[in-house]
Amino acid sequence: HRLALTHRRAGHLPEALTAAREAVRLRPEHGPYHYTVGTILRQQSDYEGALAEFRRAAELEPTSGTAHAMTGAMLIRLSRWADAVPELRRAVELDTSDATAWANLGMALRRAGRIDESLAAYAEALTYVPADPDVLNNYAVALRTAGRPGDAIPALEAALARAPDE
């Protein structure tokens with residue numbers, strides 16, 4: 001497993017994946033090893049493979065907010081919005097201060113057509129990262145979708161102030 005992490009940090013993803021899969025073969029019930037395989041597969045844009053590994057990590061370590069958050073993130077990447085919601089809800093239950101999980105929950109809810117819940121999730125994310133231009137932008141999109149374009153303008157202006165080239 002350490003070899004896999006070292007290869008990953010060095011940018012040697014094929015070698016990292018080989019070593020991580022060997023760690024899983026040797027200790028198949030160790031959740032963090034599955035998480036590492038998932039991380040490498042995500043970096044290689046194998047989102048289905050990453051999803052399977054993050055799900056396995058979450059099964060083996062049910063109190064790992066990170067494993068649930070990454071499961072939800074992969075479901076978003078695969079446009080499976082409704083499926084992502086329960087995983088991301090579990091992630092924020094386990095780690096209430098995970099701004100990325102809150103923002104991803106907001107996105108999944110918005111894409112699933114649950115706008116009011118989406119706005120609440122984005123608002124929670126903004127309590128932890130009030131200046132994040134991506135969260136501000138996505139919050140503004142949700143506000144606009146909710147029929148509140150006037151409320152979206154300050155969020156967009158704040159996002160532009162922090163990332164004017166976006």
Side-chain angles (χ1 to χ4, degrees), residues 1-114 117-118 120-122 124-139 141 162-163 165-166:
H1 186 250
R2 289 178 204 255
L3 181 60
L5 296 175
T6 302
H7 275 303
R8 190 173 138 254
R9 284 187 200 109
H12 306 145
L13 296 182
E15 294 87 350
L17 185 58
T18 298
R21 284 190 166 144
E22 179 63 9
V24 165
R25 186 187 70 74
L26 294 170
R27 289 189 62 198
E29 300 303 312
H30 192 64
Y33 292 179
H34 288 276
Y35 186 89
T36 298
V37 173
T39 299
I40 296 164
L41 291 171
R42 179 184 57 83
Q43 288 179 288
Q44 294 179 324
S45 301
D46 179 354
Y47 303 124
E48 286 287 352
L51 172 61
E53 293 297 332
F54 290 134
R55 274 195 167 139
R56 184 67 179 137
E59 289 169 8
L60 293 169
E61 308 254 338
T63 60
S64 170
T66 306
H68 288 283
M70 289 307 296
T71 299
M74 289 307 94
L75 288 164
I76 285 173
R77 191 58 95 154
L78 294 165
S79 301
R80 293 171 53 188
W81 319 114
D83 293 339
V85 170
E87 289 294 336
L88 293 164
R89 283 212 189 275
R90 182 69 179 136
V92 298
E93 287 171 7
L94 292 166
D95 182 359
T96 59
S97 65
D98 184 343
T100 302
W102 279 110
N104 282 341
L105 177 58
M107 177 183 292
L109 288 163
R110 180 175 59 83
R111 296 291 188 122
R114 297 161 62 180
E117 292 172 87
S118 172
Y122 281 128
E124 189 66 26
L126 288 168
T127 65
Y128 301 105
V129 289
D132 185 290
D134 291 326
V135 178
L136 286 163
N137 178 69
N138 290 333
Y139 180 55
V141 170
R162 285 156 186 83
D165 293 336
E166 291 291 319

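Atom CG of Asp132 and atom OG1 of Thr100 lie 7.5 Å apart (nearest 0.5 Å). Here the OG1 atom belonging to Thr36 is positioned 6.5 Å from the CD1 atom belonging to Ile40, to the nearest 0.5 angstrom. Note that the CD atom of Glu166 and the CG atom of Leu136 stand 12.5 Å from one another [nearest 0.5 Å]. We find the CZ-CD distance between Arg55 and Glu59 to be 8.5 Å, quoted to the nearest 0.5 Å. From Thr6, atom OG1 reaches atom NE2 of His1 across 10.0 Å, with rounding to the nearest 0.5 Å. A distance of 9.5 Å separates CG in Leu126 from CD in Glu124, rounded to the nearest 0.5 Å.
Screening Leu105, Leu109, Asp98 for a side chain to side chain contact (heavy atoms under 4.5 Å, CB included) with Leu88, the sole residue that qualifies is Leu105.
Using a 4.0 Å cut-off between charged side-chain N and carboxylate O, Arg56 and Glu29 make a salt bridge. Under 4.0 Å is where a charged nitrogen must lie from a carboxylate oxygen, and between Arg90 and Glu87 no such pair does.
Contact check for Tyr122 versus Trp102: no side-chain heavy atoms found under the 4.5 Å cut-off. Between Glu22 and Thr18 the shortest side-chain heavy-atom distance does not fall below 4.5 Å. Inter-residue side-chain proximity for Met70 and Arg42 is flagged as met; some heavy-atom pair is nearer than 4.5 Å. For the pair Thr71 and Leu75, the minimum side-chain heavy-atom distance is below 4.5 Å. Taking the side chain as every heavy atom from C-beta outward, Ile76 and Met107 approach each other to under 4.5 Å.
When every heavy atom of Ala50 is checked against every heavy atom of Gly38, the shortest pair comes out as CB-O, 3.4 Å. Taking every heavy atom of both residues into account, Ala58 and His68 meet most closely at CB-CE1, 3.8 Å. Contact record, Ala20 with Val37: CB-CG2, 3.5 Å, taken as the closest heavy-atom pair. Of all heavy-atom pairs spanning Asp83 and Pro86, the tightest one is O-CD, 3.4 Å. Closest non-hydrogen pair, Val141 versus Arg110, comes out as CG1-NH1, 3.5 Å. The two residues Ala125 and Ala103 make their nearest non-hydrogen contact at CB-N, 3.7 Å.
Here the side chain of Ser118 pairs no donor or acceptor atom with the backbone of Arg114 at under 3.5 angstrom. Judged purely by atom type and a 3.5 angstrom limit, His30 has no side-chain atom pairing as donor or acceptor with the backbone of Val24. When atom types are taken as modelled, the side chain of Tyr128 and the backbone of Thr96 share a donor-acceptor pair closer than 3.5 angstrom. No donor-acceptor distance shorter than 3.5 angstrom exists from the side chain of Asn137 to the backbone of Pro133, with no hydrogens or angles considered.
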The test is side-chain contact (heavy atoms from CB on, under 4.5 Å); show your working for Leu13 and Arg8 and say whether it passes. CA-CA 6 Å; Leu13 296 182; Arg8 190 173 138 254; 4.1 Å; yes
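Within a 6.0 Å sphere centred on CZ of Arg77, heavy atoms belonging to other residues, nucleotides or ligands number 12 at most.
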